[in-house]
Amino acid sequence: MLKENIAKKYLEYLENGEIEQLIDLFSVAGIVDSPIYGIQKANTFYHTLSNDTSNSKLLLKGIFEQKDSNDLALYFTYHWTLKNNREVVFDVVDIIEFDKENKIKKLKIIYDTVVARNIVAELNKNE
């Protein structure tokens, strides 16, 4: 499967909360580097994100791939509703690094966390 198709599947699975399918896009040792959740194995990260989320809506703005590279960047708007019904909307760039089998080896999430960080902190404080 082409990297761009994998990236589109990634967004589809993320938006639909299809966590197991999403995790299957990663290598066994795949990691996610998130500005809020830190660096975690993909399996741990997506289960944590799923537990904190009641709804996700994603609007793809662009996919950027450099020829002869294993990296790809996704640019999208994320409408994130947390389980406490607080919503955060922000633009995101995900940098995806693929391994030789086109599995995601590392995904680095880049966005301004000034609003989201406080809302996630509130969510975790109320547990």
Side-chain angles (χ1 to χ4, degrees):
M1 189 181 300
L2 294 173
K3 292 177 185 76
E4 182 176 331
N5 293 341
I6 295 167
K8 287 178 180 175
K9 281 291 182 193
Y10 167 81
L11 290 175
E12 176 188 325
Y13 295 153
L14 181 61
E15 182 173 53
N16 295 326
E18 298 175 86
I19 300 307
E20 297 310 317
Q21 293 90 329
L22 181 61
I23 292 166
D24 283 345
L25 296 176
F26 283 78
S27 67
V28 174
I31 61 168
V32 176
D33 184 350
S34 163
I36 289 184
Y37 295 97
I39 298 173
Q40 298 182 357
K41 289 194 72 139
N43 185 39
T44 303
F45 172 80
Y46 288 105
H47 281 103
T48 301
L49 180 65
S50 179
N51 288 338
D52 286 351
T53 302
S54 69
N55 190 46
S56 295
K57 182 74 178 148
L58 284 63
L59 174 64
L60 179 63
K61 294 184 167 194
I63 297 177
F64 306 92
E65 187 174 0
Q66 184 174 354
K67 290 184 183 203
D68 302 322
S69 168
N70 284 332
D71 296 344
L72 177 145
L74 289 171
Y75 175 39
F76 59 98
T77 301
Y78 191 10
H79 295 258
W80 184 26
T81 306
L82 287 97
K83 66 181 179 183
N84 63 0
N85 291 320
R86 298 282 309 268
E87 185 179 55
V88 188
V89 179
F90 49 88
D91 286 342
V92 183
V93 175
D94 282 357
I95 308 295
I96 300 174
E97 184 180 332
F98 292 93
D99 67 12
K100 290 177 180 144
E101 286 80 40
N102 278 347
K103 290 285 195 172
I104 301 172
K105 181 165 58 171
K106 180 179 180 183
L107 185 135
K108 182 169 181 66
I109 304 167
I110 303 167
Y111 67 97
D112 183 350
T113 64
V114 78
V115 175
R117 185 174 300 279
N118 292 332
I119 292 175
V120 172
E122 279 177 30
L123 179 68
N124 293 323
K125 193 181 343 175
N126 293 330
E127 290 186 343

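- Although no hydrogens or angles enter the test, the distance criterion places a donor-acceptor pair under 3.5 Å between the side chain of Ser54 and the main chain of Leu82.
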For the pair Leu58 and Val92, evaluate side-chain contact (heavy atoms from CB on, under 4.5 Å) and give the outcome as yes or no after the intermediate values.
CA-CA 10 Å; Leu58 284 63; Val92 183; over 6 Å; no

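- In this structure, Asp91 CG and Leu59 CG are separated by 9.0 Å, a value rounded to the nearest 0.5 Å.
- Val32 has its side chain out of reach of Ile104: every pair of non-hydrogen atoms, C-beta onward, lies at least 4.5 Å apart.
- The backbone N or O of Lys106 sits nowhere less than 3.5 Å from a side-chain atom of Glu97 that would complete a donor-acceptor pair.
- No path of Ile, Leu, Val, Met, Phe, Trp and Tyr side chains, each step under 4.5 Å between heavy atoms, connects Val93 with Ile39, placing them in separate hydrophobic clusters.
- Side-chain contact check for Thr81 versus Glu87: some heavy-atom pair is nearer than 4.5 Å.
- Criterion: ILVMFWY side-chain heavy atoms under 4.5 Å apart, direct or through other members. Under it, Leu25 and Ile31 are not part of a common hydrophobic cluster.
- Going from atom CD1 of Ile110 over to atom CG of Leu74 covers 11.5 Å, rounded to the nearest 0.5 Å.
- Side-chain contact check for Ile109 versus Tyr37: every heavy-atom pair is 4.5 Å or farther apart.
- The hydrophobic cluster containing Ile6 also contains Tyr10, counting ILVMFWY residues as joined when their side-chain heavy atoms lie under 4.5 angstrom apart, directly or transitively.
- Taking CG of Leu22 as the start and NZ of Lys9 as the end, the distance is 12.0 Å to the nearest 0.5 Å.
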Verify salt bridge (Lys or Arg N to Asp or Glu O under 4.0 Å) between Asp99 and Lys105, making sure each step is shown before the conclusion.
CA-CA 6 Å; Asp99 67 12; Lys105 181 165 58 171; over 6 Å; no

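- In the hydrophobic clustering of ILVMFWY residues, with side-chain heavy atoms under 4.5 Å counting as a link, Tyr13 and Ile63 come out together.
- Residues Tyr111 and Ile36 have side chains in contact (heavy-atom distance under 4.5 Å, counting atoms from C-beta outward).
- Judged purely by atom type and a 3.5 angstrom limit, Lys103 uses its side chain to pair as donor or acceptor with the backbone of Asp24.
- Between Asn51 and Lys83, the closest heavy-atom pair is O-CD, 3.2 Å.
- Listed by chain and number, the residues in a side-chain hydrogen bond (donor to acceptor under 3.5 Å, both in side chains) with Glu4 are Lys8 (sequence neighbours excluded).
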Output, in order, the C-alpha distance, side-chain angles, deciding distance and verdict of side-chain contact (heavy atoms from CB on, under 4.5 Å) for Asn43 and Phe26.
CA-CA 9 Å; Asn43 185 39; Phe26 283 78; over 6 Å; no

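- Atom CD1 of Ile96 is separated from atom CG of Asn70 by 12.0 Å, given to the nearest 0.5 angstrom.
- Here CD of Gln40 is found 7.5 Å from OG of Ser34. Values are rounded to the nearest 0.5 Å.
- Screening residues 52-79 for ring-ring contact (aromatic ring centres under 6.0 Å, His included), with sequence neighbours left out, gives Tyr78-Trp80, Tyr78-Phe90.
- Atom NZ of Lys57 has 12 or fewer neighbouring heavy atoms from other residues, nucleotides or ligands inside a 6.0 Å radius.
- Rounded to the nearest 0.5 angstrom, Ser69 OG and Lys3 NZ are separated by 7.5 Å.
- Side-chain contact between Ile23 and His47 is present, with heavy atoms from C-beta onward closer than 4.5 Å.
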